[in-house]
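Taking it in order: structure first as structure tokens, then the write-up.
Quick caveat, the model's predicted, so the values are computed rather than measured.
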Amino acid sequence: RELKIILLILFCNFIKKLITMLTKKVENALNKQIEHEANASQFYLAMASWAETKGLEGVSSFFYRHSDEEREHMLKLIKYVNERGGHAIVPSLAKPPKVFDCLSHVFQDLLDHEVMVSREINKVVDICLKDKDYTTHNFMQWYVAEQIEEEALARHILDKLKLIGDDKGGLYLFDRDILNMNPAKN
């Protein structure tokens, strides 16, 4: 009787582990996404530093916050992978640029990078669906929604910069106003 109970408990634990484990394919895709989020954080940190050296306090503050947010996204993925029985890998990072052409190019780079991240998130979602990992698919929906906000914000800022053009007064007001613009909400 005791042996049956022990075997039943072991079997239940085994089944529970099977249900909660990530497939290798999903785990690899999530680890790749961890790398994308980490690189985004570094990229935006470099933008913040550049803006700060140009006297753009509002822009630098925006990018420092944006960098922190991307790091939070990375940490959320790391914790999820580990909680699901996988092993999250902390990636080495490529050195981001330290000089940028101009402010409009910085925000175009932001938009281009967010579009790339969206594409990569969609790849993770696709892998989840193909592997029938609906739990991770559900988890990734937060990232899908987040990317919609991130891209919209970058487009909104680029539209403002196009309106300003080369007007120094407009640039001054933009730098002041961006202090109140939050990167996509968590």
Side-chain angles (χ1 to χ4, degrees), residues 26 28-54 56-81 88-129 136-165 171 174-186:
V26 171
N28 290 340
L30 290 171
N31 273 316
K32 189 71 177 161
Q33 192 58 41
I34 287 168
E35 184 177 345
H36 291 307
E37 300 292 340
N39 280 317
S41 179
Q42 284 289 98
F43 192 43
Y44 302 152
L45 186 59
M47 291 172 168
S49 179
W50 174 85
E52 194 168 45
T53 66
K54 300 297 179 195
L56 298 166
E57 179 186 345
V59 172
S60 67
S61 178
F62 172 86
F63 278 111
Y64 281 130
R65 288 191 318 264
H66 209 64
S67 174
D68 288 345
E69 184 179 277
E70 297 301 325
R71 185 173 182 278
E72 288 174 19
H73 297 172
M74 177 193 68
L75 290 174
K76 187 175 181 173
L77 283 163
I78 287 172
K79 289 177 181 178
Y80 179 80
V81 169
I89 306 298
V90 177
S92 59
L93 302 175
K95 185 175 182 179
K98 62 180 181 179
V99 177
F100 297 88
D101 294 334
C102 65
L103 193 57
S104 61
H105 288 168
V106 168
F107 282 100
Q108 184 62 55
D109 287 347
L110 169 69
L111 175 60
D112 293 344
H113 197 79
E114 292 298 340
V115 167
M116 181 276 298
V117 170
S118 294
R119 202 170 34 249
E120 296 303 317
I121 286 170
N122 288 336
K123 288 178 185 177
V124 175
V125 169
D126 185 54
I127 290 167
C128 292
L129 288 174
T136 303
H137 174 268
N138 185 53
F139 171 78
M140 291 304 296
Q141 292 311 300
W142 181 87
Y143 287 88
V144 171
E146 180 75 5
Q147 284 309 117
I148 292 168
E149 292 177 13
E150 303 253 2
E151 287 183 34
L153 178 62
R155 284 186 179 93
H156 175 75
I157 291 170
L158 278 170
D159 288 344
K160 286 193 176 297
L161 287 172
K162 285 176 189 167
L163 286 172
I164 293 167
L171 180 59
F174 171 82
D175 187 55
R176 184 197 66 193
D177 291 347
I178 201 169
L179 278 169
N180 298 319
M181 278 186 211
N182 288 324
K185 298 157 202 75
N186 284 331

Output yes when a side-chain donor or acceptor of [X] lies under 3.5 Å from a complementary backbone atom of [Y], and no otherwise.
{"X": "Tyr143", "Y": "His73", "answer": "yes"}
{"X": "Tyr80", "Y": "Met140", "answer": "no"}
{"X": "Ser60", "Y": "Ser49", "answer": "no"}
{"X": "Asp126", "Y": "Asn122", "answer": "no"}
{"X": "Gln141", "Y": "His137", "answer": "yes"}
{"X": "Ser118", "Y": "Glu114", "answer": "yes"}
{"X": "Thr53", "Y": "Trp50", "answer": "yes"}
{"X": "Ser61", "Y": "Glu57", "answer": "no"}

Legend entry - Pair Asp112-Gln108, side-chain donor/acceptor within less than 3.5 Å: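 Yes.
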
Quick one: pull up [atom1] in [X] and [atom2] in [Y] and give me the separation to the nearest 0.5 Å.
{"X": "Phe63", "Y": "Phe107", "atom1": "CZ", "atom2": "CZ", "result": "4.0 Å"}
{"X": "Leu171", "Y": "Lys160", "atom1": "CG", "atom2": "NZ", "result": "13.5 Å"}
{"X": "Trp142", "Y": "Gln147", "atom1": "CH2", "atom2": "CD", "result": "9.0 Å"}
{"X": "Leu77", "Y": "Glu72", "atom1": "CG", "atom2": "CD", "result": "12.5 Å"}
{"X": "Ile127", "Y": "Asn28", "atom1": "CD1", "atom2": "CG", "result": "8.5 Å"}
{"X": "Leu103", "Y": "Ile178", "atom1": "CG", "atom2": "CD1", "result": "7.5 Å"}

Nearest heavy-atom neighbours spanning [X] and [Y]:
{"X": "Asp175", "Y": "Gly58", "answer": "OD1-N, 3.0 Å"}
{"X": "Leu158", "Y": "Ser104", "answer": "CD2-O, 3.7 Å"}
{"X": "Pro91", "Y": "Ile34", "answer": "CD-CG2, 3.9 Å"}
{"X": "Ala29", "Y": "Val124", "answer": "O-CG2, 3.7 Å"}

Legend entry - Residues that Gln42 engages under side chain to side chain contact (heavy atoms under 4.5 Å, CB included), provided they are two or more places apart: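 Listed in chain order: Leu45, Leu93, Pro96.
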
Under a 4.5 Å cut-off applied to non-hydrogen side-chain atoms, are [X] and [Y] in contact?
{"X": "Glu70", "Y": "Asn39", "value": "no"}
{"X": "Ile78", "Y": "Met74", "value": "yes"}
{"X": "Phe43", "Y": "Ser67", "value": "no"}

Legend entry - Of Ile157, Asn180, Leu179, the residue whose pairing with Phe62 passes side-chain contact (heavy atoms from CB on, under 4.5 Å):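 It is Ile157, the one option of Ile157, Asn180, Leu179 that forms the side-chain contact (heavy atoms from CB on, under 4.5 Å) with Phe62.
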
Legend entry - Note: Glu151-Arg155 ion pair, threshold 4.0 Å (strictly below):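 Salt bridge flag = yes for Arg155 with Glu151.
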
Legend entry - For Gln33, the option from His36, Glu35, Glu37 that meets side chain to side chain donor-acceptor pair (under 3.5 Å):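 Answer to the side chain to side chain donor-acceptor pair (under 3.5 Å) test with Gln33 among His36, Glu35, Glu37: Glu37.
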
Inset, instruction - Mind telling me whether Tyr44 and His66 have parallel, tilted or perpendicular rings, with 30° and 60° as the class edges? - result: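 Taking Tyr44 first and then His66, their aromatic rings sit tilted (interplane angle of 30° to 60°).
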
